[in-house]
Amino acid sequence: MNVFSKVVFTCVLAGLACQVSAQKYPDGLIDKTVAVVGNEMIMISDIEEEVQMMRFRGINSDRNARCEVLEQMMVAKLFLMQARLDSLKVNNDMVEGELKQRIDNIRMQLGGDAEVEKYFGKSLYKLKQEWRKNFQDQSLTQQMQGSIASKVPDQTPYEVKRYADSLEVEDLPVVPTKYQLSHICIYPDREAAKLAVKERLLALRERIINGDKFSTLAMLYSQDPVSARRGGELGMAPKSIFWPAFSDVAMALKPGVVSQIVETPDGFHLIEVLEKRGDMFNARHILLKPEYTAEDQEKGFHVLDSLRTQLLDSAVTFGLAARFYSEDLSTRTNGGQMSDPYTGSSYFEVDQLKPQDYQAIKDLKEGDISKPIASLDNEGRNGNLVYKIVKVDKIIPSHPATFSQDYDLLRDQAKQRKSMEAIDRFIDEKIKTTHIRIDPLFQNCDFQRKGWAEKFTKDE
């Protein structure tokens with residue numbers, strides 16, 4: 001007897017067609033078990049929910065989406081079963097963080113809890129339960145994959161050399177041009193600029209209180225171009241996506257009341273709350289940022305020009321000048337040497353550099369110092385204005401990876417290949433030895449792994 005349920009209902013999966021590419025479901029079918037992997041089952045509804053989530057995220061597939069999702073789910077079940085046998089533990093902090101991020105993003109994009117429930121056809125409570133379970137399974141699956149990969153021994157220099165020699169030149173990874181840079185930064189008079197912004201916002205607030213429309217002034221003056229086109233309206237969104245200073249004030253405001261000036265890393269705001277629902281709100285805001293004049297730039301450039309002249313005359317070293325004059329606290333103690341704030345690396349590829357910095361150094365040679373430029377620091381969402389000179393400490397031209405120059409890159413790539421091979425062997429072996437049954441409904445799927453072909457059941 002077939003292990004799959006014969007129960008048939010009406011197809012009511014919201015917003016989803018019952019046919020994608022070559023994959024068809026029988027007329028009137030809503031749900032049934034379509035795969036059993038060990039003691040784990042996969043339902044049509046599981047596949048449809050994942051396809052719906054893919055569509056929501058704008059993910060397109062060049063394969064049959066349902067076939068691709070089913071295969072991914074079956075592979076995940078193999079890892080999940082082994083993770084449970086190995087008594088791996090769910091990373092609950094990761095699960096709750098991922099769940100919160102997903103819910104907040106979906107609520108913001110759809111406009112609130114009611115809209116989320118309508119889109120997915122389920123209560124938010126039920127969605128949270130299902131998604132939490134999915135993230136728990138993902139946590140175990142990822143840990144199992146990591147466990148398999150961690151058992152691959154580190155590659156010896158001999159193995160790395162053999163790996164590099166086995167590749168044709170065109171197959172070697174290409175190392176892009178990298179720059180090692182130092183800079184000396186000074187800021188314009190930020191306190192004076194902040195005071196000027198506050199005075200402008202106070203004047204706008206007074207106009208609103210005296211009868212001018214908040215939305216009109218937002219359209220005219222706000223420096224948030226996206227919301228300004230909507231009269232400053234941000235749309236219903238969870239408070240967690242905003243800067244804490246912004247959301248704390250917005251959640252405390254009564255609808256229709258205009259806030260005092262609020263400072264965030266983006267600038268200075270006036271806020272008017274339109275609606276609140278639980279931990280979500282819809283508000284208008286007017287954003288103004290500190291602005292600087294040509295005179296500010298002239299003063300900054302004059303100081304940097306004088307420093308540059310001394311540096312070119314070898315009157316002082318760049319590192320010493322950076323320690324004494326640079327206002328960038330994160331680099332001055334290192335003699336101005338820049339580093340990636342995310343990786344800590346002192347080397348930058350072109351796309352890791354701010355456009356202003358790259359334009360200043362793209363034609364320079366090692367040891368050259370740029371003329372003064374206006375650039376941005378790494379504070380806030382977009383950075384604050386800063387004036388700087390940049391020294392090119394070292395340039396590594398783009399080249400195919402070599403054993404002598406790029407050992408770490410080749411070692412990591414060789415280890416990654418061995419890890420992927422180990423994971424592939426695990427999957428193929430588990431397909432052979434695990435009790436797996438796949439509904440013939442998916443017989444025409446072009447699965448990437450051939451081992452599934454022996455796992456289809458036959459209707460009796």
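Counting only heavy atoms from C-beta outward, the side chains of R308 and K371 approach each other to under 4.5 Å. Counting only heavy atoms from C-beta outward, the side chains of L99 and R102 never approach each other to under 4.5 Å. Between Y179 and E366 the shortest side-chain heavy-atom distance does not fall below 4.5 Å. The side-chain heavy atoms of L110 and F56, taken from C-beta on, include a pair separated by under 4.5 Å. Using a 4.5 Å cut-off on side-chain heavy atoms (C-beta onward), K391 and I361 make no contact. Residues I286 and R205 fail the side-chain proximity criterion, which asks for heavy atoms closer than 4.5 Å. Residues M280 and K239 form no side-chain contact, since every pair of their non-hydrogen atoms from C-beta on lies 4.5 Å or further apart. A 4.5 Å side-chain heavy-atom check between M94 and Q142 finds at least one atom pair inside the cut-off.
For H269, the ring pair (Phe, Tyr, Trp, His ring centres under 6.0 Å) test picks out F246, H285, with sequence neighbours left out. Looking at residues two or more places apart in sequence or on another chain, you find no side-chain hydrogen bond (donor to acceptor under 3.5 Å, both in side chains) involving D412. Here Y407 pairs with P157, V160, F403, R411 under the side chain to side chain contact (heavy atoms under 4.5 Å, CB included) rule; sequence neighbours left out.
Side chains of Y119 and E115: no donor on one and acceptor on the other come within 3.5 Å. The closest side-chain donor-acceptor pair between S330 and D328 falls under 3.5 angstrom. Donor-acceptor pairing under 3.5 Å is lacking for the side chains of S306 and Q310. Defined by atom type and a distance below 3.5 Å, a donor-acceptor pair is missing between the side-chain atoms of H183 and D357. Using a 3.5 Å distance cut-off with no hydrogens or angles, the side chains of Q82 and D86 do pair a donor with an acceptor.
In this structure, R132 fails the cation-pi test against F135, since its NZ or CZ atom is not both closer than 6.0 Å to the six-membered ring centre and inside 45 degrees of the ring normal.
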For K122 and E130, what are the C-alpha separation, side-chain angles and deciding distance, and is it a salt bridge (charged side-chain N to carboxylate O under 4.0 Å, His left out)?
-> CA-CA 10 Å; K122 296 180 181 179; E130 292 178 355; 2.7 Å; yes

For E68 and R66, what are the C-alpha separation, side-chain angles and deciding distance, and is it a salt bridge (charged side-chain N to carboxylate O under 4.0 Å, His left out)?
-> CA-CA 5 Å; E68 186 173 358; R66 286 164 176 77; over 6 Å; no

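Test S375, S370, S182 against V390 for side chain to side chain contact (heavy atoms under 4.5 Å, CB included) and you get one pass: S370.
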